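Accompanying notes for the structure given below.
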There are 2 protein chains.
Amino acid sequence: MFEPITIKDIAKALGLSTSTVSRALRGGYEISADTKKLVLEYAEKINYHPNPIALSLKERRSHSIGVVVCEVANNYFSQAINGIESIAYNRGYHVIITQTHESFDREVVNVQHMASRSVDGLLISLSSETKDLSHIKYLHEKGLPIVFFDRVAADIETHKVVANNYQGAFDATEHLIKAGFRKIGHLTSSPTLSITKERLEGYKAALAAYNIPFRESYLKNCEHGGMIQTEVESAVRELITMTDRPDAIFVAGDKLSTGCLTTVKKFGLKVPADIAIAGFTNSDVAELFNPPLTSIRQPAFKIGQIATEMLIQLIESKYPVTEFITTRLDTELDIRKSSEYQPVPKYTF
Amino acid sequence: MFEPITIKDIAKALGLSTSTVSRALRGGYEISADTKKLVLEYAEKINYHPNPIALSLKERRSHSIGVVVCEVANNYFSQAINGIESIAYNRGYHVIITQTHESFDREVVNVQHMASRSVDGLLISLSSETKDLSHIKYLHEKGLPIVFFDRVAADIETHKVVANNYQGAFDATEHLIKAGFRKIGHLTSSPTLSITKERLEGYKAALAAYNIPFRESYLKNCEHGGMIQTEVESAVRELITMTDRPDAIFVAGDKLSTGCLTTVKKFGLKVPADIAIAGFTNSDVAELFNPPLTSIRQPAFKIGQIATEMLIQLIESKYPVTEFITTRLDTELDIRKSSEYQPVPKYTF
DNA sequence: TTGTAAGCGTTATCAT
DNA sequence: ATGATAACGCTTACAA
């Protein structure tokens, strides 16, 4: 039903062979200027476009890169995707986005589908369920260019781009400590994720730096990274109902932070009077939140850009790359000033 | 360098012809049970997967659907995309997402790219710059299945799925009126968009229903739908600094609503004491906002789902579809209770 | 300079 | 029941 203009049509119309037409359309060597012009003009006229599928089949590449993230509906990732696109677009690559919804099975399916559709490379942020990396290792060993960002795989040797999670967590925790809190809980994502580990280390280091003992009971993991509200709720409930409960929480994750805020509010706790919260979030409206949230911002856009640049470099390098680097970008602590948090008039309408 | 397991490899290994292998792999007629089993088991063992590119070339279809939205970093669209995916995934389709960033040129490029890569159908929400629809009309006339959602094209005959923007706008405006406001401004997106027009009509109708005259000066358009902060800022500034300024604003759009809130706060106005705001937003944390925002929620997930179902129906229907329907889903007015907006203690840490 | 033919991976048609 | 062949659209040795 659709767009049957092929190189053959041109050849027939012009009384040439398909190869001559092909040559005219491609680079210009081995062809007479006249023929070339003729073909080019005719192709233009009938609005010919080469069939990229045929090209992919032939060249075994697709000029597209695949992206694997857990969720698009997450400020960090949607910003990262914008960064990815900004680079890919003007380097002539198209971007295929897939979501895992934190499911390992889904990750495997997505990765395999994209690989088999000949994406030229993969940009991956692991799902929180992922422990086994063989589906990725397999492709990596076959030579498919892969760059990890955010949630990276420890034992796959390739480029990686992440925020300085350790330092961000340290800063956030230290911020809480300096504000006078010493009983600081930590609400975080799946313990298998690299970001979870790095942030936990930063948190522990800050506690240690101020001689505050780490307490196991103050640590809560949410496997689904805040996508499931009930999971956050029960974790937060446990934190705030335990004996000798924390008076502050350091939260590691975008959805987790907002989920925590929502829950705390639901339970009638005032922030920061009853409990203070500092969390990783890239929400552009974080400063509008009430209860207030001190947020650790990740350079998501930049991370997406760098990861994409590295991937394209990998794709286009003629020789196998042997040295892989991990780029670590600083986070930013966004502290609200107390003056901004004036009581608001009652909402009467 | 990559995944050279083809039907040929199986044929060679098993001493069969490629056609026999193909038959064994497909449906099962005209083949002996033994051979079939042999092939299937071997294919399984060496982890064979058919090359979708080759299939696409042959079948002239790709089992993928293309999505065109302005931004992924927008609560409405990221939720809609989740709806789209949820249906596409278990109907065996893959989803390719592209963003226009409200640019017409980008829309044209994206649409053409996807069409030429043989997507089986297109799910489109128009960019705010789009006036000329010929790039879409062309494909539509060629027979490419297209379903519009949210920002729809008036003069292209196909399925469309939208929220009841008229009613939503009416409800929001009426809500403000009933709360005692009579000078209600309207901050909205590009006047070319269907949603803009529908919402404007709803707003006007509500004013009329309460005998409030419509004032041209109270209407502000933002071409970029809130993606550019300065644009929102100057529009809001104009609204709140004019003589006889509005005491309430009805805002039409996700980013626009949060942008409006941010700006109003920046200018030191209290909500709703100085100015009340009701706006379309799908933010899952809207209830955390301070200043408070009364929000009109769109069933984004559902809209995505229905649009996808319709598209797949179009794709898979054997006969040309002649009757096209527009589905209109109700919005929901989310009014915060005044009791939830207690003054918060000063943020002292 | 141009044409012929093979091949990318698969399936459908036709023989056998 | 199985194999050979052509075809999907394109590029590229290799011939002419």
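Just so it is clear, the structure is predicted and the values come from calculations on it, not from any experiment. In what follows, every chain begins at residue 1, and chains take the letters A, B, ... in the order their sequences are listed.
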Salt bridge (Lys or Arg N to Asp or Glu O under 4.0 Å) contacts touching [range] (sequence neighbours left out):
range	value
residues 91-102 of chain B	B:Arg91-B:Glu316, B:Glu102-B:Arg151
residues 103-115 of chain B	A:Glu85-B:Arg106
residues 61-74 of chain B	B:Arg61-B:Asp120
residues 5-18 of chain B	none

Legend entry - Pairs involving residues 102-126 of chain B, ordered by first then second residue, that meet ring-ring contact (aromatic ring centres under 6.0 Å, His included) (sequence neighbours left out): A:His94-B:His113, B:Phe104-B:His135
Please give, in whole Å, the distance from [N] [atom2] to [X] [atom1]?
X	N	atom1	atom2	answer
B:Arg26	C:dG9	CZ	C1'	11 Å
A:Lys8	D:dC8	NZ	C1'	8 Å
A:Ile5	D:dC10	CD1	P	10 Å
B:Leu14	D:dA1	CG	P	18 Å
B:Leu38	D:dA1	CG	P	16 Å
A:Asn51	D:dA7	CG	P	18 Å
B:Lys58	D:dA7	NZ	P	10 Å
B:Ile10	C:dT10	CD1	C1'	12 Å

Pairs of donor and acceptor atoms involving the side chains of residues 304-312 of chain B, under 3.5 Å and at least two apart or interchain, shall be tabulated with distances.
unit_1, atom_1, unit_2, atom_2, d
B:Gln305, NE2, B:Ser86, OG, 3.0
B:Thr308, OG1, B:Gly304, O, 2.6

Legend entry - B:Leu16 and B:Thr35: CA distance, side-chain angles, deciding distance, side-chain contact (heavy atoms from CB on, under 4.5 Å) verdict: CA-CA 9 Å; B:Leu16 295 168; B:Thr35 319; 3.8 Å; yes
Inset, instruction - Consider only side-chain N and O atoms of A:Ser32 and A:Asp34, and report whether a donor and an acceptor are under 3.5 Å apart. - result: no
Among [options], the one nearest [X] by side-chain distance:
X	options	result
B:Ile7	D:dT12, D:dC8, C:dT10	C:dT10
A:Leu55	D:dC8, C:dT10, D:dC10	D:dC10
B:Leu57	D:dT12, C:dC8, D:dG9	D:dG9

Legend entry - Rounded to 10 degrees, the angle between the two terminal axes of the helix from C:dT1-D:dA16 to C:dT16-D:dA1, each from five pairs: 60°
Hey, what are the protein-to-nucleotides 2-4 of chain C N/O distances that come in under 3.5 Å?
unit_1, atom_1, unit_2, atom_2, d
C:dT2, OP1, A:Thr35, OG1, 2.7
C:dT2, OP2, A:Ser32, N, 3.1
C:dT2, OP2, A:Ser32, OG, 3.3
C:dT2, OP2, A:Thr35, OG1, 3.0
C:dG3, OP2, A:Ser17, N, 3.1
C:dG3, OP2, A:Ser17, OG, 3.2
C:dG3, OP2, A:Thr20, OG1, 2.4
C:dG3, N7, A:Arg23, NH2, 2.8
C:dG3, O6, A:Arg23, NH1, 3.1
C:dG3, O6, A:Arg23, NH2, 3.2
C:dT4, O4, A:Ser19, OG, 2.8

Inset, instruction - Determine: side-chain N/O of B:Tyr48 to OP1/OP2 of C:dT10, distance under 4.0 Å, yes or no. - result: yes
Inset, instruction - Go through the structure and list residues passing ring pair (Phe, Tyr, Trp, His ring centres under 6.0 Å) with B:His63, not counting sequence neighbours. - result: B:Tyr93
